[in-house]
There are 2 protein chains.
Amino acid sequence: MTFSEENYLKTIYHLTSVSDTDISTNAIAEKMETKASSVTDMLKKLSEKDLVNYVKYQGVSLTDKGKLAAKMIVRKHRLWECFLVEKLDFSWDEVHDIAEQLEHIKSEKLINKLDDFLGNPTEDPHGDPIPDANGRIIKVEKQLLSEFEKNQIGICVGVKDTSSDFLKYLDKQEIALGSQIEIIEKESFDSSFRIRVGSKEITISNKIASNLYIK
Amino acid sequence: MTFSEENYLKTIYHLTSVSDTDISTNAIAEKMETKASSVTDMLKKLSEKDLVNYVKYQGVSLTDKGKLAAKMIVRKHRLWECFLVEKLDFSWDEVHDIAEQLEHIKSEKLINKLDDFLGNPTEDPHGDPIPDANGRIIKVEKQLLSEFEKNQIGICVGVKDTSSDFLKYLDKQEIALGSQIEIIEKESFDSSFRIRVGSKEITISNKIASNLYIK
DNA sequence: TATAATTTTTAGCTTTGCCTAAATTTAATT
DNA sequence: AATTAAATTTAGGCAAAGCTAAAAATTATA
């Protein structure tokens, strides 16, 4: 499997986890910042290898084989992110691009030994679940902060957007995984939130609230 | 820099360290298990980028820029080998192929943090020196066991051949880096050696002796 | 030194993965 | 239902990195 094939599988996997309908050529092209015609080429190739179900003009879905392959790539990505943060002391906003490279290293033995070395973590530094060696995922019940109501209290357990900009913003506001968050007020005008994080009170926009997972 | 370019630079670097004359197209082709015509193509490309000095029909050498680039790849390869052996508990005969992949990961910050995490080792699991972040190498005085004389005693500090087969043979004979080796007898007929390793006496062929570094 | 053998390069072709532009299919709108 | 708009595919091309076969340069040998 080439890097490019792996990247397509991963993209289709991520898009599927959002909607769970067939994925359009354009959606893939946009996510991968490439052209629709390139996507069509690759879908034919992946279909040939039985990694996706592809019907011309109708979109794609992953086959069981393709889904497992995608999960193994995600597993590698997230385990490497754990390694970078926990062992090499990277911050959570720096690890994505490096893990994007490391996820393509081919060695089952390596990834399983890395898994053990890290203590078999079930979540990466952004709170996303890590598939086990068989592709099984432990799903954690969680809601977006934006869906919470006034006076509710929860713990931040994940982020939806994992961009460096967003993560740095959270660092600045001292919001981290494990932080306790209490909704003090919901502003109906702009849907912003007044929240308490630890001992501090701050105001966050709806966009921020829509990218924080709470439990 | 592409993976392929990096592999060519690394190969030229290794060939240079053996002979230190200009390297022939065929020598590179043989080492990389590719065709001479492919090598010619790449040499033009590397020359264009000022990474090698290339004169048609006359062979190549690395420029300063090329040599530094090659050393950085070697640095990455050997640091990853240390990681695999020391942290993930791989044996020294398993790490080459994986490090061959890992050496192409692009992130200076990563490799320097890995270096620190490992305690800034100066040698990899086969006793080969690890260039520092500036490309500097600490050379250790060492001789091939085959050049030793009867009754001499030394410590095994490296291996010339790093193939899995050779390393497994050494494991079987309980020869490791740090082992004390004493020459009991040199057999003139086939140039084999009778040696004492720790408390055991064994016979090794000249080929084996020609691939063990002793200090 | 002339010729043979070897090495190296050139020329032209293949595959992968991407692109643009044109054609086709599907979806939306009047 | 017909037409327009949007999405998708096809056709044809490009660059990287490899290959084979033929040409050219270098080296070895008679």
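Just the heavy atoms: all of them, side chains too, but no hydrogens, waters or symmetry mates, feed the values below. For clarity, every value in this text was computed on a predicted model and none was experimentally measured.
- Counting non-hydrogen atoms of other residues, nucleotides and ligands closer than 6.0 Å to NZ of B:K65 gives a total above 12.
- For B:Q58 and D:dA25, the CD to P distance is 12 Å, given to the nearest whole Å.
- Across all strands, B:Y54 comes closer than 4.0 Å only to sugar-phosphate atoms, never to a base (heavy-atom distances).
- A straight line from CD of B:E48 to P of D:dA16 spans 11 Å, rounded to a whole angstrom.
- Contact check, A:K44 against D:dT9: no side-chain N or O comes under 4.0 Å of OP1 or OP2.
- Near DNA chain C, defined here as any heavy-atom distance below 4.0 Å, the residues from residues 33-41 of chain B are B:A36, B:S37, B:T40, listed numerically.
- Note: CD (B:E5) to P (D:dA15) measures 16 Å, nearest angstrom.
- Straight-line distance from the CE atom of B:M32 to the C1' atom of D:dC19: 15 Å, rounded to whole Å.
- Side-chain nitrogen and oxygen atoms of B:K56 include at least one within less than 4.0 Å of the OP1 or OP2 phosphate oxygen of C:dT10.
- No side-chain donor-acceptor contact under 3.5 Å links A:R194 to the backbone of A:E187.
- When the side-chain nitrogen and oxygen atoms of A:S4 are compared with OP1 and OP2 of C:dT16, none of them lie within a distance under 4.0 Å.
- The pair B:E94-A:K113 does not count as a salt bridge, with every side-chain nitrogen at least 4.0 angstrom from each carboxylate oxygen.
- D:dA7 atom P lies 15 Å from atom CD1 of A:I23, rounded to whole Å.
- At a threshold of 4.0 angstrom between heavy atoms, the contacts of A:Y8 are confined to the sugar-phosphate backbone, with no base atom among them.
- Under the 6.0 Å distance and 45° angle rule, B:K87 counts as a cation-pi partner of B:F117.
- A straight line from CD of B:E30 to C1' of C:dT8 spans 15 Å, rounded to a whole angstrom.
- If A:M42 and B:T25 are placed on DNA chain C by their nearest nucleotide, the residue sitting closer to the 5' end is B:T25.
- In this structure, OH of B:Y57 is placed 13 Å from P of D:dA23, rounded to the nearest angstrom.
- Between D:dA6 and A:N26, no contact under 4.0 Å exists linking OP1 or OP2 to a side-chain N or O.
- At whole-Å resolution of the value, CZ in A:F3 and P in C:dC18 are 13 Å apart.
- Under 4.0 Å is where a charged nitrogen must lie from a carboxylate oxygen, and between B:E149 and B:K186 at least one such pair does.
- In the displayed structure, B:K207 atom NZ is contacted under 6.0 Å by at most 12 heavy atoms of other residues, nucleotides or ligands.
- Checking B:N134 against B:R75 by side-chain atom types alone, no donor-acceptor pair falls below 3.5 Å.
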